[in-house]
Participant: 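Can you keep this structure in mind? I'll have questions shortly.
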Amino acid sequence: MANRVRVRLAPSPTGPLHVGRARTALFNWLFARHNGGVFVLRIEDTDRQRSTEANLVSILDSLRWLGLDWDEGPDIGGPYGPYFQMQRLETYRQAAERLLANGAAYKCYCSVPELEAMRQEAKAAKVAFRYPGRCLRLTREQIAQFEAEGRRPVIRFIVPKEGTTTFRDMIHGDITVNNSELDDLVIVKSDGIPTYNFAAVIDDTTMEMTHVIRGDDHIANTPKQIHVYRALGYTPPEFGHLPMILGLDRAKLSSRHGAAAVTDFAAMGYLPEAMMNYLALLGWSYDDKREFFSREELIKYFDISRVGKTGAAFSMQKLEWMNGAYVRGLSPDALVVRALPFLQEAGLVSASPPPSELAYVRQVMPLVHERLKRLAEVAELTDFFFKEQLEYDGALLVGKGMTADQSRLALEAAQAAVASVDVFNVPSLEAAIRPQAERLGLSTGQLFGTIRVAVTGRTVAPPLFETMAVLGRERCARRIQQALTKLPSGIPR
RNA sequence: GGCGCAUUCGUCUAGAGGCCUAGGACACCUCCCUUUCAAGGAGGAGACCAUCGGUUCGAAUCCGAUAUGCGCUACCA
């Protein structure tokens, strides 16, 4: 490759980072890293109404969280800066002047209401609206008249009305449109700020982008932009249009589907490496078998020619499954480190836990390790290890096919075992309790179930003896004692 | 309405003319393991490859039309 690959992500800070854009970011980043190229971040902040600093910060955080890094960008600068469009206004102004000077663009004084009226007319007549070029050839007098009225002109770009425009898309192949379909687009708004289709062309050229990889909602914009490139004497980059990410209902993915911003996924306890892996599979595949890839493997194997053309529905279920697999793959220590913030968030562990508390967490975590799918679930799964007081319905102590009396006997047996066992560990607890089932005429499931409820306050929990061993003798004794008082009086259920 | 893009199990996908009576994964069902829940193991069901027509000895793969979905049609990006 003669020229070093340069690609970019150009987010607009009008909201948090959406997973669709995160996937676009990922593919650009993978393309750059795979080819030893440069990945740059440019902020398209020309939408003055909706752009905020907070959104920018959030977007950068989300990108970093995902594990992406950039070589040039708003926070680190670079040789092609500035990386905010609002700081590049002079560049756009000069380009617009050039187009005006060589007759490729013209000032248009039509007001928004006037334009809207024209659109309505076109719609009523059932014909496609094309800007009629009313301001294309204004006389000096007319211009003076408009200026006197205080009208601020926009700058419109003249697109050729004859012929066709074709470009080769890296993933769709050749795409052709009739120029007669294209409209004279406004490139500079009346406040002097350039529109997307203009600013992007100039930035991509001056920043020397070799490839523009973006969502396929931009396919229709591309021919227009190509004309702008040509009018400016620029050579367009290569284009690659990625399929969209949809919700399971095939509608655009939004918070209605549960989550759409990457911050949402982080908060729910998805691992960034799982997120990256899953996102990579949305629209790209390696072969017909393999679907787990580390960050390095993705870089190594990513090939834009293996990106599909069809919109992909985002499956929360599959993400969850994949996340669970990644969680299970964590070392015990890594799991503690990752889960701790969620335990603290839930108020189960103190903000700066002393060694003893940390040691306890380290004992608890292995018991839920393979049951965890999302880190945020850790609180729900382990709270009884940390809470002093258990809240539950005493009726749960009486299992299926049992009488309250049998439950009482079971609890008393457990109480005796807890008190008498020499060493409070799994083997001795099991040796002392398991035989009781037969003696009491209960199945082990019934016996253990009753004790489980007593000790954890729930019917679903990690294996009983391991749980008890971690809880410790005192806590178990206290909880069994309490369970005895919660037992429903008499009467089988 | 016009134009563009897309169309393989519910979902993500493999498939680049014969290897496909279409393979894998998630979800689903059954069984095994088992102390509940997970995890794991073994099976199963699930796609007439949107439809119709054409090219070809042969098509999921090539061509055309139709249908459907999505996108663009902004002084938003």
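So that the names make sense, note that chain A is the first sequence line, chain B the second, and so on, each numbered from 1.
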Participant: Given the rule in the ring-ring contact (aromatic ring centres under 6.0 Å, His included) test, do A:F448 and A:F465 qualify, once you have shown the distances and angles that lead to the verdict?
Facilitator: CA-CA 9 Å; A:F448 296 175; A:F465 303 119; 5.1 Å; yes
Participant: Taking the side chain as C-beta and beyond, is there a heavy-atom pair between A:L282 and A:V19 under 4.5 Å?
Facilitator: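 In short, these two side chains do not touch, never coming nearer than 4.5 Å.
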Participant: Does any N or O in the side chain of A:T450 come within less than 3.5 Å of the main-chain N or O of A:L397, such that one atom is a donor and the other an acceptor?
Facilitator: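 Checking the backbone N and O of A:L397 against the side chain of A:T450, a donor-acceptor pair under 3.5 Å is found.
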Participant: A:I43 has an atom CD1; how far is it from atom P of B:C76, in whole Å?
Facilitator: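 So the two atoms are 19 Å apart, to the nearest Å.
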Participant: Would one find more than 12 heavy atoms of other residues, nucleotides or ligands at under 6.0 Å from atom CZ of A:R152?
Facilitator: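 It does not: A:R152 CZ has 12 such atoms or fewer within range.
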Participant: Show me the protein contacts with nucleotides 24-26 of chain B, counting only N or O atoms at under 3.5 Å.
Facilitator:
| unit_1 | atom_1 | unit_2 | atom_2 | d |
| --- | --- | --- | --- | --- |
| B:A25 | O4' | A:E291 | OE2 | 3.3 |
| B:A25 | O2' | A:E291 | OE2 | 2.4 |
| B:A25 | O2' | A:K318 | NZ | 3.2 |
| B:A25 | N3 | A:K318 | NZ | 3.3 |
| B:C26 | O2' | A:K318 | N | 3.4 |

Participant: How about A:H241 and A:K309: do any of their side-chain heavy atoms sit closer than 4.5 Å?
Facilitator: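 Result no, sub-4.5 Å side-chain heavy-atom pair not found.
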Participant: Within a strict 4.5 Å, meaning less than it, do heavy atoms of the A:V186 and A:I155 side chains meet?
Facilitator: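 A side-chain contact under 4.5 Å is absent here.
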Participant: Keeping the roles fixed (side chain from A:T382, backbone from A:F385), state whether a donor-acceptor pair exists under 3.5 Å.
Facilitator: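 No, because the side chain of A:T382 does not come within donor-acceptor range (under 3.5 Å) of the backbone of A:F385.
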Participant: Rounding to a whole Å, what distance do you find between A:I59:CD1 and B:A77:P?
Facilitator: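 Rounding to the nearest Å, CD1 of A:I59 and P of B:A77 are 14 Å apart.
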Participant: Tell me, for nucleotides 44-49 of chain B in 5' to 3' order, what letter each nucleotide earns: B for a base near a protein heavy atom under 4.0 Å, S for only sugar-phosphate near one, - for neither?
Facilitator: ------
Participant: How would you label the contact of A:S443 with the nucleic acid (heavy atoms, under 4.0 Å): base, sugar-phosphate, or nothing?
Facilitator: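 Result for A:S443 = nothing.
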Participant: Using a 4.0 Å heavy-atom cut-off across all strands, classify A:R458 as base, sugar-phosphate, or nothing.
Facilitator: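 Nothing, no nucleic acid heavy atom in range.
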Participant: Indicate, with a heavy-atom threshold strictly under 4.0 Å, whether A:R130 touches base, sugar-phosphate, or nothing.
Facilitator: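 Counting heavy atoms under 4.0 Å across all strands, no contact is made by A:R130.
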Participant: Looking across every strand, which nucleic acid part, if any, lies under 4.0 Å from A:V186 by heavy atom: base, sugar-phosphate, or nothing?
Facilitator: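 Sugar-phosphate only.
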Participant: Just N and O in the side chain of A:R452: are any of them under 4.0 Å from OP1 or OP2 of B:C37?
Facilitator: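 For A:R452, the contact criterion (side-chain N or O under 4.0 Å from OP1 or OP2 of B:C37) is not met.
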Participant: Is a side-chain donor or acceptor of A:N28 paired with a backbone partner of A:L9 at a separation under 3.5 angstrom?
Facilitator: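 No.
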Participant: Hey, does the side chain of A:K373 come within less than 4.0 Å of B:A39's phosphate (OP1/OP2), counting only N and O?
Facilitator: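 So the side chain of A:K373 is within the cut-off, an N or O lying under 4.0 Å from OP1 or OP2 of B:A39.
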Participant: Between A:R306 and B:G15, is there a side-chain N or O to OP1/OP2 distance below 4.0 Å?
Facilitator: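 The answer is yes; a side-chain N or O of A:R306 sits under 4.0 Å from OP1 or OP2.
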Participant: Between B:U73 atom P and A:N197 atom CG, what is the distance in whole Å?
Facilitator: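 Value for this atom pair: 8 Å.
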Participant: Can you find a side chain N or O atom of A:R434 that sits less than 4.0 Å from OP1 or OP2 on B:U35?
Facilitator: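 Checking B:U35 against A:R434, a side-chain N or O does come within under 4.0 Å of OP1 or OP2.
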Participant: So does A:H218 get a side-chain nitrogen or oxygen closer than 4.0 Å to the phosphate oxygens (OP1/OP2) of B:A77?
Facilitator: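 Indeed not, no polar side-chain atom of A:H218 lies that close.
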Participant: Between P on B:A60 and NZ on A:K309, what's the gap in Å once rounded to a whole number?
Facilitator: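 Distance, rounded to whole Å: 18 Å.
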Participant: Could you go through nucleotides 64-70 of chain B and list every protein N or O atom that sits under 3.5 Å from one of its N or O atoms, giving the distance for each pair?
Facilitator:
none

Participant: Rounded to the Å, how far apart are A:I219 CD1 and B:C3 C1'?
Facilitator: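 Atom-to-atom, A:I219 to B:C3, this comes out as 12 Å.
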Participant: At 4.0 Å (heavy atoms only), tell me whether A:P11 reaches a base, stays on the sugar-phosphate, or touches nothing.
Facilitator: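 Contact class for A:P11: none.
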Participant: Within the distance-only criterion (no hydrogens, no angle test), does the side chain of A:H369 pair as donor or acceptor with the backbone N or O of A:V327 below 3.5 angstrom?
Facilitator: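 Side chain of A:H369 to backbone of A:V327: a pair is present.
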Participant: Over how many whole Å does the gap from A:M118 atom CE to B:G1 atom P extend?
Facilitator: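 Atom-to-atom, A:M118 to B:G1, this comes out as 24 Å.
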Participant: Taking the six-membered ring of A:Y278, is the NZ or CZ of A:K318 close enough (under 6.0 Å from the centre) and on axis enough (within 45°)?
Facilitator: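 The answer is no; the distance or angle limit is not met.
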Participant: Please determine if A:R156 forms a cation-pi arrangement with A:Y131, meaning its NZ or CZ atom is less than 6.0 Å from the six-membered ring centre and no more than 45° off the ring axis.
Facilitator: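 Judged by the rule (NZ or CZ under 6.0 Å from the ring centre, within 45° of its axis), A:R156 counts as positioned above A:Y131.
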Participant: Counting only side-chain nitrogens and oxygens, does A:R119 get under 4.0 Å of the OP1 or OP2 atom of B:A74?
Facilitator: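 Affirmative; the distance criterion is met.
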Participant: Classify the nucleic acid contact of A:T14 as base, sugar-phosphate or nothing, counting any heavy atom under 4.0 Å across all strands shown.
Facilitator: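 Since no nucleic acid heavy atom lies under 4.0 Å of A:T14, the category is nothing.
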Participant: A:F292 ring centre to A:R290 NZ or CZ under 6.0 Å, with the angle to the axis within 45°?
Facilitator: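 The answer is no; the distance or angle limit is not met.
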Participant: Quick one: A:D249 CG to B:U11 C1', roughly how many Å, whole number?
Facilitator: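 The answer, rounded to whole Å, is 12 Å.
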Participant: Ignoring hydrogens and angles, tell me if any N or O in the side chain of A:D393 forms a donor-acceptor pair with the backbone of A:A395 under 3.5 Å.
Facilitator: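 Present.
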Participant: Is the phosphate of B:C37 approached by A:T459 (side-chain N or O, under 4.0 Å from OP1 or OP2)?
Facilitator: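 False: A:T459 side-chain N/O out of range (4.0 Å or more) of B:C37 OP1/OP2.
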Participant: Is there a side-chain contact between A:K189 and the phosphate of B:C76, meaning an N or O under 4.0 Å from OP1 or OP2?
Facilitator: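 Yes.
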Participant: Quick one: A:K161 NZ to B:U73 C1', roughly how many Å, whole number?
Facilitator: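 Taking NZ of A:K161 and C1' of B:U73, I get 14 Å after rounding.
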